[in-house]
Amino acid sequence: ALLSKAGAALHPGLRLDLARPTTPAPTRILFLCTGNSARSQIAEALARALSGGAIQAASAGSQPRPLHANAIRVMREQYALDLTGHQSKSLDRFKG
């Protein structure tokens, strides 16, 4: 009850309804860069893989370029994550 009151005092969206427990919605993160060919793709994949479903990650670029072969290689070799199906996306896709 004290936690609910403290949250509500900080912001109305932080008020807890203890009578109706809910599962929190995943946090949404968008990694932006210029080409969306390496670093933002890596960040997206790591956020998804390491969050255990707590994060919905996406990435985009202002001037998308093809996914860099070294990004695919590093993720496969260092983290056992496969980026071969990933494609660069324009940030226009996420407007709104």
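Of the possible donor and acceptor atoms, one in the side chain of Ser88 sits under 3.5 Å from a partner among the backbone N and O of Asn36. Between the side chain of Lys89 and the backbone N or O of Gln87, at least one donor-acceptor pair lies under 3.5 Å. Between the side chain of Gln56 and the backbone N or O of Arg28, no donor-acceptor pair lies under 3.5 Å.
Tracing side-chain contacts under 4.5 Å through hydrophobic residues (I, L, V, M, F, W, Y), one reaches Ile72 starting from Ile42; they form part of the same cluster.
Atom CG in Leu81 sits 7.5 Å away from atom CG in Leu50 (nearest 0.5 Å). Here the CE-CD distance, from Met75 to Gln41, works out to 10.0 Å after rounding to the nearest 0.5 Å.
The nearest pair of heavy atoms linking Ala71 to Ala38 is CB-CA, 3.9 Å. Between Leu67 and Leu83, the shortest heavy-atom contact is CD2-O, 3.4 Å. Of all heavy-atom pairs between Ala47 and Ala57, the closest is CB-CB, 3.9 Å.
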**OP:** Given side-chain contact (heavy atoms from CB on, under 4.5 Å), test Thr34 with Arg65 step by step and report yes or no.
**Re:** CA-CA 9 Å; Thr34 307; Arg65 292 186 210 99; 3.9 Å; yes

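Under a cut-off of 6.0 angstrom, the local environment of OH in Tyr79 is sparse, with at most 12 non-hydrogen atoms contributed by other residues, nucleotides or ligands. Within 6.0 Å of atom CZ in Arg48, more than 12 heavy atoms from other residues, nucleotides or ligands are found, so the atom counts as buried in its surroundings.
Each of Ser59, Ser62, Pro64, Cys33 was compared with Leu91 under the side chain to side chain contact (heavy atoms under 4.5 Å, CB included) criterion, and only Ser62 meets it.
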